Structures are given as structure tokens and as C-alpha cells.
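Predicted model, so just to flag it, every value in this text is computed and none were measured. The sequence lines fix the lettering, A, B, ..., with proteins before strands; numbering per chain opens at 1.
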Amino acid sequence: MHNTPPSMTVTATVNGQPVAITVDVRRTLLDLLREDLGLTGTKKGCDHGQCGACTVFVDGRRVLSCLKLAVTTSGQAVTTVEGLGTPDVLHPLQEAFMRYDAFQCGYCTSGQLMSALAVVADESLTTRDQIREAMSGNLCRCGAYQGIVEAIIEVKARSHAAGSEDATPDAIV
Amino acid sequence: MRSFEFLQAHSVEEALALLALPSTKALAGGTTLVDLMKLGVEAPARLVDIQALPLTEIAVTGETLRIGALASNSAVAADPSVRRLCPALCDALLSGASGQIRNAATMGGNLLQRTRCPFFRSHDWPCNKREPGSGCPAHEGADAHHAVLGTSDACLAVHPSDLAVALLALDAEIGIRAGHAARQVSLAAFYRLPGETPHLETIIGAGELITHIDVPITPLAATSRYLKLRGRASYEFASASVATALHCENGRVVELAVALGGLGTVPWRDRQAETLLIGGPLSEAVINRFCDALLAPARASAANAYKLALARGAIRRMLESASC
Ligand SMILES: Cc1cc2nc3c(=O)[nH]c(=O)nc-3n(C[C@H](O)[C@H](O)[C@H](O)COP(=O)(O)OP(=O)(O)OC[C@H]3O[C@@H](n4cnc5c(N)ncnc54)[C@H](O)[C@@H]3O)c2cc1C
Ligand code: FES
Ligand code: FES
């Protein structure tokens, strides 16, 4: 006798597109994105909350998709790195990551970008130390931390400059 | 992961009814539970998703700050009234995990997170906490992360929560519901020492729901601070941590609280030892006497004795830098 493992239908938006998909209740959001939707930009590093490679946005907040059951995503809006920019029109963070050598192998990069997005948006984070602390949940085995922080500082300064004329990367210490 | 039945609760009453079913666990942020289910350490037959319950409020009423059990660790840490009334609580939360994890992690889940002891987390080893009576490999060789306070022959696992250490110093109370009964328990009475039964970690019974945390609003709480020492600068559990609150008049201690994390099988505080500091100025000698008394019950090995030195240093740094 076989029992079909319990499954449920998840109805959510992923990168602005409505999604309705029936999954095993054990599926994580990470596996739903990668295996069911083919969105392999989001990476699986540790699968246990210890590396940050699987970071995505859910309802406007960054979370770890490896520790979130897919069935808890119904009614929520998910944004992955595929929703950030396109190869032709890069997001300013993606463009800055390239210019500052903010990666080597690139495995951690989509998680870094999603965290960086939260850090750029958080105006309470102004110093280099605060940015480093806020990015500490994203490990980089290649050690590209320096470039990652520089890229974030530049994009932060530019997005603030939209509001105030004289903000430059030097304004962040 | 063993499969389970997934249920969603839309009200506290519905959640309590579902949690009364056998082998059923509440699912909040999932940052502990999903991790441990993947490891096979937790294998409930049913999960009740409680994230939709209206238990996220942070409110000041009279002399009490009440924090809903489902408020996220980030929301509480960023709340201006929590920062003003009990800064140690914000700093303890912000010292824990990472920004991503704190966005998902809830207050109730944080209190009920499980130890990070590697023997507990892996089926390759026996563990009295995971499988009562199977043994404890840490007794042959405790490593650098095992507890020195509150240990027993059965278990040396450290309680990992930073939040609980701050709440212990703040004399917080935990609001609990089971069926139609509600009760309120002080944090000091919430955790159980491992003794012979390390699998029983708190006074929460099966089917019970944490609804809120109450922190008394006092002048002492407003002076509270948190210091965490660890193997890397961030995203790491405590090797030793300390929450302090101190009220002095004319250079003499009137009231204080000192709670320790990272050393104990439960968050640690000794009110008897605290009386050694009351009434006098905070001299190096009296701080040393206090540390001697606080750490007297410690049982350390060569691998984890460094925690005692870390705790002493942390306490001295916090008390000497406080205004008194
Ligand atoms: C990599 C990593 C690093 C971490 N670092 C730290 C750290 O440095 N310091 C620290 O303090 N913590 C740390 N944590 C732990 C983290 O804070 C907890 O995982 C989190 O707070 C748990 O909350 P949750 O809502 O996700 O709980 P869940 O995982 O949903 O639940 C945890 C447990 O609590 C029960 N539960 C949850 N809510 C209730 C309720 N209201 N009533 C009854 N039962 C309930 C669940 O049934 C389950 O047994 C870390 C976690 C990870 C993964
Ligand atoms: S894969 Fe999710 S944190 Fe490592
Ligand atoms: S670029 Fe290789 S892990 Fe970060």
C-alpha cells in the first residue's frame, strides 16, 4: 500500500507573475523556485540557514528560502535575482558588483545581491561597519567581501543622491 | 524529512484545538523547526502554521511592555519603544543570527529554539536530549562549545538563545495558553535544568501556545545592555554573553541584574550572588567576588574553561563601563 505524500497547491506571485502549483508539503521555497519553476538563479549552499546563498525577498523582506516551507508562501509575493534586472538592463547593484569585482566563482552572488537590495533600501545603515554587519548573513567562500561592500556603498550613495545633491561614496565611512 | 499533515490556523482558538492533536507542532518562522525536520531531529506528524495569528503586536500598557509571540525578531529590535524601555532586548536580538533569519524568526520561536550541540543535531551520535537514555558523547570529550553551568551527567548542551538571556535580566514573563486556560510564567522558571531528563527543556507542555512576552517597565530596565563574545564578529552563537542592568545612587549600587548566556544549559542568573554588589561602590575586588560566587557551580574541562575567563571579562567590562 502506498500513501501519496500530502501535497498542497501554492498560489503566489513570483517576480510579478502569478504562480499556482501543487507541491509536496515538504518542499522548501528554495526547491520550488529551482526545481519546479526552473529559477536556478537562487542558489542552495548549505540548505540549513548557515550561508545566505538562498536569500530571496518575500513580501518586501529578505528571508532564507531554504528554511521556508513552500506551502507557507500562498498569497505572498516572492522576488528572486531573476526579478532584479535583465542581461541587457542590469540592476544598478548588478552593474556595480561587476565593476567592483564583487565575486569570483559567483555562487554566493545572487544571495549577496538580494541582501544588498535590503541594505541599500535601509536608510538607517550609513557606516561601512553597519553595512558589513547587515551583510554578515551572506558568506562568500571566495572572500569577495571587500568588493561587495564597495559596490553597496556606491549604489547607496547614488540612490541617496537622488534625494540630496552632495552625497558621494566618500560620505560613507 | 518525514512527511506530515500541514494545517493552517486562523485564530488562537483554532490553533489551540489543532495543537491538542497528537504529535503536532506549531510552525512560526520555521528557522529552527524546518532545519531540524530536515535533519530528522524533529519529525512531527502534523504542523500547524500559526503565522496568520494576530499575535504580532508590540504595545505599552501601564507598567508593562507586551510583545506578541509572533512579532518578528527584526520588528522588535527596530521598535523605538523597545529600544527606549529595554535596550538590552534590542541588542540581544540584533546580535543573533542574520538579517534574513531575524526577518522570519519570531519571539516565541526564539525562546523554544533547540541547542546547537553537534551530537543533538546528528543521528550519527547518541544524545540523551534527542533520544532519552542513549548516552552523551560530550562526557568523554566536551568540546569548546559545551556548557559549564547547569550541566548534568546526562547533558552538557548550551542553550543558544540571546533573547532569553536579556529577558532573564529584565524579569520578563511568558504568556502561555492551553485550551481555555491562560497562565503567565516568569522567564526564570521557564527553562528546566537537564538533570536526568534533558529532553524536557521548558515548562511548556504539548499543545500549549506562547501568546506573548511581558517585560516590566522599570528605570532599571532602561539601563540594560547586552554584550556577546563569539568566534567571529557576526552570524555566530555566543561563546559567552552577558546582559546587565544597573541603577546607582551617589556611586553606590541600588539595584542590578546580571544574566549570562553561552555558558549554561539554561540562561543563567544568580540573585543571591547579585546581593554582593548591592550597597557598595563597584570596585574591582567586589566585581571579582561576585564573579567567584556566580561561577562557583561551574564544571569546566580543558576545552571549555575559557568560557569562564570570557564571562568574567564580559561582566567586568559591562559593569566598569556603566555609569555608577
Ligand atoms: C544559522 C542560524 C544562526 C542563528 N543564530 C542565532 C543566534 O546567534 N542567537 C539566537 O538567539 N538565535 C540564533 N538562531 C536561532 C533563531 O533565532 C531561531 O531559529 C528563531 O528565533 C526561531 O524562531 P521561529 O519563529 O523561526 O521558530 P520555529 O522554527 O517556527 O519554531 C521553533 C520551535 O518553537 C515552537 N514555537 C514557535 N512559536 C511558538 C509559539 N508561539 N507557541 C508555542 N510554540 C511555538 C515550534 O513548534 C518549534 O518547536 C540562529 C538560527 C540559525 C538558523
Ligand atoms: S542555502 Fe539557505 S542559508 Fe545556505
Ligand atoms: S564569489 Fe565565490 S562564494 Fe562568493
Side-chain angles (χ1 to χ4, degrees), chain A residues 3-8 10 23-31 46-76 111-112 114-119 122 124-125 129-139 145, chain B residues 1-9 25 27-41 43-52 72-75 77-78 80 83 91 94-106 109 113 116 121-122 228 230 232-237:
Chain A
N3 271 339
T4 335
S7 58
M8 275 180 82
V10 180
V23 295
D24 186 311
V25 292
R26 291 170 291 186
R27 206 92 167 135
T28 58
L29 175 58
L30 174 59
D31 288 341
C46 64
D47 213 18
H48 287 280
Q50 299 179 3
C51 76
C54 66
T55 304
V56 299
F57 266 57
V58 174
D59 284 350
R61 299 188 314 169
R62 57 174 167 154
V63 298
L64 298 179
S65 58
C66 74
L67 294 183
K68 182 171 169 61
L69 291 178
V71 288
T72 67
T73 312
S74 269
Q76 298 181 330
Q112 302 281 0
M114 298 316 283
S115 260
L117 199 61
V119 170
D122 185 343
S124 75
L125 303 171
D129 280 351
Q130 285 172 333
I131 293 169
R132 284 166 54 98
E133 165 60 31
M135 290 298 294
S136 74
N138 292 82
L139 304 190
Y145 297 110
Chain B
M1 192 189 298
R2 202 180 85 180
S3 196
F4 52 87
E5 189 184 352
F6 183 77
L7 305 160
Q8 272 162 316
K25 287 239 161 205
L27 177 72
T31 59
T32 285
L33 193 49
V34 174
D35 177 27
L36 292 178
M37 286 170 70
K38 287 182 185 184
L39 293 171
V41 172
R46 265 171 227 88
L47 278 190
V48 179
D49 185 358
I50 59 171
Q51 291 176 96
S72 74
N73 286 188
S74 357
R83 167 64 61 193
D91 290 339
L94 290 174
S95 79
S98 67
Q100 296 96 306
I101 294 173
R102 293 192 297 269
N103 278 343
T106 64
Q113 64 177 291
R116 307 299 290 195
R121 288 174 60 85
S122 166
K228 178 171 174 178
R230 45 188 156 172
R232 58 184 183 198
S234 183
Y235 199 18
E236 178 66 293
F237 290 90

Check R26(A) against F4(B) and note the closest heavy-atom contact, atom names and distance. CG-CE2, 3.6 Å
Quick one: what part of T28(A) sits under 4.5 Å from any heavy atom of chain B, side chain, backbone, both or neither? side chain
Residues T72(A), F6(B); criterion side-chain contact (heavy atoms from CB on, under 4.5 Å); working and verdict: CA-CA 10 Å; T72(A) 67; F6(B) 183 77; 3.9 Å; yes
Qualifying residue for side-chain contact (heavy atoms from CB on, under 4.5 Å) with L64(A), from I101(B), T31(B), D35(B): I101(B)
Under 4.5 Å from any heavy atom of chain B, what part of C51(A) do you find: side chain, backbone, both or neither? backbone
Residues forming a salt bridge (Lys or Arg N to Asp or Glu O under 4.0 Å) with D122(A), sequence neighbours excluded: none
Of all residues at least two apart in sequence or in a different chain, which pass the salt bridge (Lys or Arg N to Asp or Glu O under 4.0 Å) check with K68(A)? none
side-chain contact (heavy atoms from CB on, under 4.5 Å), that's the test. Do E133(A) and L94(B) meet it? Break it down for me. CA-CA 10 Å; E133(A) 165 60 31; L94(B) 290 174; over 6 Å; no
I need the R232(B) CZ to S136(A) OG distance, nearest 0.5 Å. 8.0 Å
Contact part of T32(B) toward chain A, heavy-atom cut-off under 4.5 Å: side chain, backbone, both or neither? neither
Sequence-distant partners of R132(A), salt bridge (Lys or Arg N to Asp or Glu O under 4.0 Å), two or more places apart: none
Can you tell me which portion of L27(B) sits under 4.5 Å from chain A's heavy atoms? Options are side chain, backbone, both or neither. side chain
Exercise: do N138(A) and Q100(B) side chains pair donor with acceptor under 3.5 Å: yes
Which atom of S3(B) lies closest to which atom of V25(A), heavy atoms considered: OG-CG2, 4.1 Å
Apply the test side-chain contact (heavy atoms from CB on, under 4.5 Å) to residues Q8(B) and S74(A): give CA-CA distance (whole Å), side-chain angles for both, the deciding distance (0.1 Å), then the verdict. CA-CA 11 Å; Q8(B) 272 162 316; S74(A) 269; 5.5 Å; no
side-chain contact (heavy atoms from CB on, under 4.5 Å), that's the test. Do V34(B) and L69(A) meet it? Break it down for me. CA-CA 8 Å; V34(B) 174; L69(A) 291 178; 3.9 Å; yes
How many angstroms lie between OG in S98(B) and CG in L139(A), if you round to the nearest 0.5 Å? 9.0 Å
How about residues 54-62 of chain A versus chain B: which residues have heavy atoms under 4.5 Å apart? T55(A), R61(A), R62(A)
